[in-house]
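Residue indices begin at 1 and follow the sequence shown. As a basis for the values below, the full set of heavy atoms in this structure was taken, side chains included, without hydrogen atoms, waters or symmetry mates. The shown structure was predicted, so the numbers you read here are calculated from the model rather than taken from an experiment.
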Amino acid sequence: MKKGVSFLVAVAFMELASFLASAFDPSPLQDTCVAIDDPQGCLFVNGRFCKDPKLTVAKDFFHQGLNIPGNTQNLVGSNVTFVTVDQFPGLDTLGISLVCINYSPYGVNRPHIHPHATEILTVLEGTIYAGFVTTNPENRLISKVLNKGDVFVFPFGFIHFQ
């Protein structure tokens with residue numbers, strides 16, 4: 001009986017804690033915030049000026065050029081091409097980023113973390129070994145060999161590699 005009461009108290013405490021916790025960013029002030037440099041009559045959000053939503057066009061939400069292979073002739077045999085809000089203004093305030101990684105045979109992307117973001121890896125060509133290490137208490141390696149068309153997710157804050 002005592003174990004049952006302790007369990008119910010623990011569940012009630014976790015429920016209360018989850019009710020008080022917020023696991024998402026607040027809603028945006030407007031539907032989109034296409035970043036621009038001109039402050040004339042614009043809203044200032046996330047360190048950038050936003051284009052008037054009535055003036056947004058498809059080009060603001062489009063980027064091309066990731067089909068051009070990056071130079072992988074370096075010590076790690078890979079090249080990361082970042083696409084930031086400077087090249088892709090429609091990304092502003094969406095809470096996402098975009099990269100393309102090109103690998104030479106046996107190339108690597110050094111182990112790293114994203115403290116505030118989850119990463120999704122999609123293999124477009126070839127085969128790659130990817131994984132992450134869970135946090136305490138186990139610190140387990142979760143890894144898989146991925147092939148063309150496979151998708152793998154790296155939870156935010158976990159050290160991972162690909």
**Student:** With rounding to the nearest 0.5 angstrom, report the CZ to OG1 distance, Arg140 to Thr134.
**Tutor:**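 Answer rounded to 0.5 Å: 5.5 Å.
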**Student:** Transitively linked via ILVMFWY side-chain contacts under 4.5 Å: Leu121 with Ile159?
**Tutor:** no
**Student:** Measure the CG-CG distance between Leu124 and Asn102 for me, rounded to the nearest 0.5 Å.
**Tutor:**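 Here the rounded value is 9.5 Å.
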**Student:** Does Val99 have any side-chain contact (heavy atoms from CB on, under 4.5 Å) partners at least two apart in sequence or in another chain, and if so, which?
**Tutor:** Val80, Phe82, Ile101
**Student:** Would the number of heavy atoms belonging to other residues, nucleotides or ligands and lying under 6.0 Å from CG of Leu75 be above 12?
**Tutor:** no
**Student:** About how many Å separate CG of Asn74 and OG of Ser104, when rounded to the nearest 0.5 Å?
**Tutor:** 7.0 Å
**Student:** Could I get the full list of side-chain contact (heavy atoms from CB on, under 4.5 Å) partners for Lys144, not counting sequence neighbours?
**Tutor:**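 Checked Lys144 against side-chain contact (heavy atoms from CB on, under 4.5 Å); matches are Leu146, Phe152.
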**Student:** Taking C-beta and beyond as the side chain, do Ile120 and Val151 meet within less than 4.5 Å on heavy atoms?
**Tutor:** yes
**Student:** Heavy-atom distance under 4.5 Å between the side chains of Ile68 and Thr81, does that happen here?
**Tutor:** no
**Student:** Indicate yes or no: at least one non-hydrogen side-chain atom of Val34 is less than 4.5 angstrom from one of Phe61.
**Tutor:**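 Yes - at least one pair of side-chain heavy atoms lies under 4.5 Å apart.
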**Student:** Please report the shortest heavy-atom distance between Asp92 and Cys33, naming the atom on each side.
**Tutor:** CB-O, 3.1 Å
**Student:** Just jot down the ring pair (Phe, Tyr, Trp, His ring centres under 6.0 Å) partners of His112, sequence neighbours excluded, or say none.
**Tutor:**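 Applying ring pair (Phe, Tyr, Trp, His ring centres under 6.0 Å) to His112 gives His114, His160.
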**Student:** By side-chain contact (heavy atoms from CB on, under 4.5 Å), which residues pair with Ser143, not counting sequence neighbours?
**Tutor:** Tyr129, Leu141, Phe161
**Student:** Could you pull out all residues at least two apart from Asp150 that satisfy salt bridge (charged side-chain N to carboxylate O under 4.0 Å, His left out)?
**Tutor:**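 Asp150 satisfies salt bridge (charged side-chain N to carboxylate O under 4.0 Å, His left out) with no other residue.
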**Student:** Could you report the tightest heavy-atom contact between Thr56 and Pro53, atom names first, then the distance?
**Tutor:** OG1-O, 3.0 Å
**Student:** What are the two closest non-hydrogen atoms of Gly131 and Phe154, and how far apart are they?
**Tutor:** O-CE2, 3.5 Å
**Student:** To the nearest 0.5 angstrom, please state how far the CD1 atom of Ile128 sits from the OH atom of Tyr103.
**Tutor:**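 Spacing of CD1 (Ile128) from OH (Tyr103) equals 3.5 Å.
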**Student:** Closest approach of Asn79 and Gly70, non-hydrogen atoms and distance?
**Tutor:**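 Looking at all heavy atoms of both residues, the closest pair is ND2-CA, 3.2 Å.
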**Student:** Which heavy atom of Gly126 sits nearest to which heavy atom of Val123, and what is that distance?
**Tutor:**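 Minimum heavy-atom contact is O-CG1, 3.6 Å.
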**Student:** Can you list everything that forms a salt bridge (charged side-chain N to carboxylate O under 4.0 Å, His left out) with Lys54? Sequence neighbours excluded, please.
**Tutor:**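 Partners of Lys54 by the salt bridge (charged side-chain N to carboxylate O under 4.0 Å, His left out) criterion, ordered by chain and then number, come out as Asp52.
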**Student:** With rounding to the nearest 0.5 angstrom, report the CG to CG distance, Leu91 to Asp60.
**Tutor:** 11.0 Å
**Student:** Looking at Ile142, Thr118, Thr135, which one forms a side chain to side chain contact (heavy atoms under 4.5 Å, CB included) with Phe158?
**Tutor:**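 Only match with Phe158 under side chain to side chain contact (heavy atoms under 4.5 Å, CB included): Thr135.
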**Student:** How close do Thr127 and Val145 get, counting heavy atoms only, and between which atoms?
**Tutor:**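 Scanning both residues completely, I find the closest heavy atoms to be CG2-CG1, 3.4 Å.
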